[in-house]
Amino acid sequence: MLLVDILLSGLILGGMYALTAMGLTLQYGVARILNLAYGEVMVAAAFTAYVLFTGAAVVPLLGLLLVLPLAFAANWAIYRVMLVPLVRRARTRAALETDSILATFGLLFVLQGIGFVIFGGQYYGYAYLSAPVSILGTTVAVNRLVALGFAAVLAVGLYWLLTRTRTGTAIRAVAVNPDAARLVAIDVQTIAGLAFAAGGALCAAGGVLVSMFLTFNAAMGVLFTMKALIVVIMGGVGNLLGALAAGLLLGLIETAVARLVDPGLTLAANYALFLGVLLVRPTGLFGRPAR
Amino acid sequence: MRRVSAAVLAALGAFALTSTASAQAASDKAVPDKVRIGYAISKTGPFTGGASITTLPVYQLWVKEVNAAGGLKIGDRRVPIEVVEYDDRSNSEEAIKAIERLASQDKVDFILPPWSTGLNLAVGPILNRLGYPHLAVTTNTNRAPELAKRWPNASFWLGLPSDISVEMVAVLKTLRDQGKIGPTVAMIAVSDQFGIELSTAARDAFGKAGFKLAYDKSYPAGTQDMQPMLKDAMATSPDVFVSFSYPPDTLAVTDAAKVLSFNPKVFFTGVGTAFPLFKQRFGGNAEGVMGIGGWNAESPRLKDYLERHKAGVGREPDRWANPITFASLQALQQAIERVGVDRAAVVKELQSGTFDTIIGTVKLEGGLLKDVWAVGQWQNGEFYGIAPSKKDGARAAIVPKPSWGP
C-alpha cells in the first residue's frame, strides 16, 4: 500500500520534472544551445495559460493548442535571428556553447523584464482540475496526473519521431556529429533550428501544464532552468528517454525519502543521486561515452 | 533605475507658497524645498514576490498620497517627497551597496527598508552606522529585542516569531479547554530561519500547553510536492495541522490538503495565507483557514485603506505586513512633521513618540511594536485577526474548519 503510494506519487512528481526538462535536452543536445532563458520561456507560457484561463475562460489544455504553435514560432524566430549568427561565427562546439550561454543569459533578462513590466513581481496561480482521483487506492490530483500523462505522450511521441522518421534521423545525426551530417546533405542549420523550436514548444507545454498546480511569478524562471539542467545532465544531454528516466528517478527518490526517511532530506537525496549517477556514468544515464 | 517621482506639480505649488511666505520660511531654519527619500527593494530575484505585495506598492501609495496633499508638513510649509529607487536584486550585497549609494551619492534624507528578514538584518549595520532611521517592518526574528538595543535607530514592527507561535497555541488551548478540539497536532515547517524559529517556539508552547505533536517535520524550501508529507501527517489523524510555510508552499499545502480531503478541525498555514491570492485561488474553500497575521476588517480606517490601495495600486493588499508597513510610513511622516528632517531627532521621536495610524495608535516599546495581530482566520471572505484575543476587534475562531468543497 505504502509502496504503491510512493511509486505513484513519485512517478507523478518525476513526470513533472521530466516534462519541464525535455525541451532543454533537445535545445542543448541537438542545437547545442545551452538556453539559460529556458525557464523564462516556461514562465511566459504559464502566464499565457493564466491569462487565457482567468481572462477568456480558455482551459489550459485547450490553451496548449494556441501556446504550442506560438512557442514553436517564437523559438524558431529566436534561433534564426539571435542564434544563427553565433552558430556561423563559432569555430568549435565549445565556442558555440560559451557564446550561446552569454546570449541566452541576456535573453533571460529581456524576457524577465517584460514579465515584470506586464505582471509585476507578485505571485500568480489558479485552480484547474485540482480534484482528487483514486488509483489503486492512492489519492492523486487530477491536474498532476494530466501533466504526467502529457509528459509520457510527448516523450514517447517525440522518441518515435526521432527514431522512425527521416527528419528525426537527421536530428539525431546532427546531435551526434554536425560535421559529418553535413557530408550526407543534411541542412544542419535548419535541423538545429527545428530542434531548438521543438524544444521551445515542449518547454512551453511544460509551463502551461505546471501552471495548473504551481504558484509562479516573473522571477521564478531560474528555478525551472536549474531543475531542468540537473535532469538533462543526469539523463544524458540530448536524450529524450534519458530525461524522462532521470526525471522519474528524481521524483521517486524524493517521494521515497519524504515518506520513509525524512522530508528534510529530499533535496540532499536528489543531489546525492545526481552525483552518484555522474560518478558512475559521467555522460549521464543514456549519454554517449564520448562526443 | 533611478526615478524622480512626479512631484513637479507639487513642487511648483510649494514654490508658489514659499515665495509669499519666504520671510517666514527663512526664520524657520533648515526647511528644505524637498525631502529626498530613497530605497532599494527587490524588483528581481526570489524576494520579488513578497516585496511586490507587502512593501513596494505601499511605498508608492504613500508617496503618491503625501505628494497629492502637497507634501510633508514641515513647519508651516508643505515639502514634497522626491524618490530615488534601486533594485537590490534580492541580494544582500546589492542592498548594502545601494544604501551606501543612497547615502553618499544621492544624499537622501531618509531611507526606507528592503523586504524580508534577511535583507533587513543585512542592511541593519550600515543604516545604524550612517544614522538613518531603520523601519525594519518585515523583519520577523526572535533576536529583535537584542538587535533593537544594538541598533538604536532600528525598529521592529511584526512582533516576534515566538509571539506568533505562543499566541497560536493560546488560541488552540482555549479551543481545547472548550472541548472543541483534541490534543493531537501535526506540524510542518520550511527549514530556514523563519520556519525554524516559529516551529521551535511552537514546539515549546505545544509541550507546555499539553498538546501531543504526532507529526513534526521540516522540508527544504522549493519542495514542489507536499502530498507525501500531508499523507503522513494525515495518518496521525491530527486535530490541528500547522504549516510554517512560504507563499508558494502555503498554496501547495492547502491545495494538496483539499485534494486529499484532509480535514483537521484547525488548518493553519504560514506566509501567504493573508494574501488576496489565497482567496482568489481557493474561493469558498479559504473559509476557516487560519494563518499568520490578520487585520480588523471592520475598522473604518482599514476599510478606507483597502479602497485606497485598490484604487492606487490596482489590487488588494495582504492582511498582515502590508498595512503595518503603511502605518510605519505614517509614523515616519508624523515624526518628520514634528521634528523636521534632522535624522537623529526623527530616530528619537520614532522610538518615544505616539503615532496615529491606519492600524490605530502606535507606540514602540524598546524599539518593538508589540501590539500586532499574530493569528488571523478567513471568515466570510475576509481575513480577520483572532489573536491576541485582547486586541480591539478580535474575532472568535470558527472551529471546526468547514470540510473542503469541490
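Both backbone and side-chain heavy atoms feed into the values below; hydrogens, waters and symmetry mates do not. Since this is a predicted model, take the numbers as computed values, not measurements.
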Note to self: Does any backbone or side-chain atom of B/Thr44 lie under 4.5 Å from a heavy atom of chain A? Answer side chain, backbone, both or neither.
What the structure shows: both
Item checked: Donor-acceptor under 3.5 Å (B/Arg281 side chain, A/Gly125 main chain) -> no
Notebook entry, point to check: Can you find a heavy atom in the side chain of B/Arg315 that is under 4.5 Å from one in the side chain of A/Gln122?
Noted result: yes
Check: B/Phe47 versus chain A, heavy atoms under 4.5 Å apart: side chain, backbone, both or neither?
Finding: neither
Next item on the list: Determine whether A/Pro263 and B/Ile188 make a side-chain contact, defined as any pair of heavy atoms from C-beta on separated by less than 4.5 Å.
Entry: no
Margin query: Any heavy-atom pair between the side chains of B/Val259 and A/Ser130 that's under 4.5 Å?
Written below: yes
Check: Shortest non-hydrogen contact from B/Lys217 to A/Val261?
Finding: NZ-O, 4.2 Å
Notebook entry, point to check: Where on B/Gln227 is there a heavy atom nearer than 4.5 Å to chain A: the side chain, the backbone, both, or neither?
Noted result: side chain
Next item on the list: Sort A/Tyr123 into side chain, backbone, both or neither according to what part of it lies under 4.5 angstrom from a heavy atom of chain B.
Entry: both
Item checked: Partner chain B: residue of A/Gly264, A/Gly115, A/Gly251 with the largest heavy-atom pair count (under 4.5 Å) -> A/Gly264
Check: When rounded to the nearest 0.5 angstrom, what distance separates OG1 in A/Thr255 from CE in B/Met229?
Finding: 11.0 Å
Notebook entry, point to check: Checking heavy atoms, do the side chain of A/Tyr124, its backbone, both or neither come under 4.5 Å from chain B?
Noted result: backbone
Notebook entry, point to check: Do A/Met220 and B/Pro46 come close enough that some side-chain heavy atom pair is under 4.5 Å?
Noted result: no
Check: For the residue pair A/Ser9 and B/Asp225, what are the closest heavy atoms and their distance?
Finding: O-OD2, 4.1 Å
Next item on the list: Looking only at non-hydrogen atoms, find the nearest pair between B/Pro220 and A/Thr266 and report the distance.
Entry: CG-OG1, 3.3 Å
Next item on the list: Locate the shortest heavy-atom distance separating B/Pro228 from A/Ala258; write the atom from each residue and the value.
Entry: CB-CB, 3.8 Å
Check: Testing B/Leu251, B/Asp249, B/Thr250, B/Asp255 for side chain to side chain contact (heavy atoms under 4.5 Å, CB included) with A/Thr215, which one passes?
Finding: B/Leu251
Next item on the list: Check whether any side-chain heavy atom of A/Glu254 sits under 4.5 Å from a side-chain heavy atom of B/Thr223, and report yes or no.
Entry: yes
Item checked: Distance, nearest 0.5 Å, that separates CG of A/Leu2 from CG of B/Asp232 -> 7.5 Å
Margin query: What part of A/Leu223 gets within 4.5 angstrom of chain B, counting heavy atoms only: side chain, backbone, both, or neither?
Written below: neither
Note to self: When you compare the side chain of A/Phe213 with that of B/Gln224, does any pair of heavy atoms fall below 4.5 Å?
What the structure shows: no
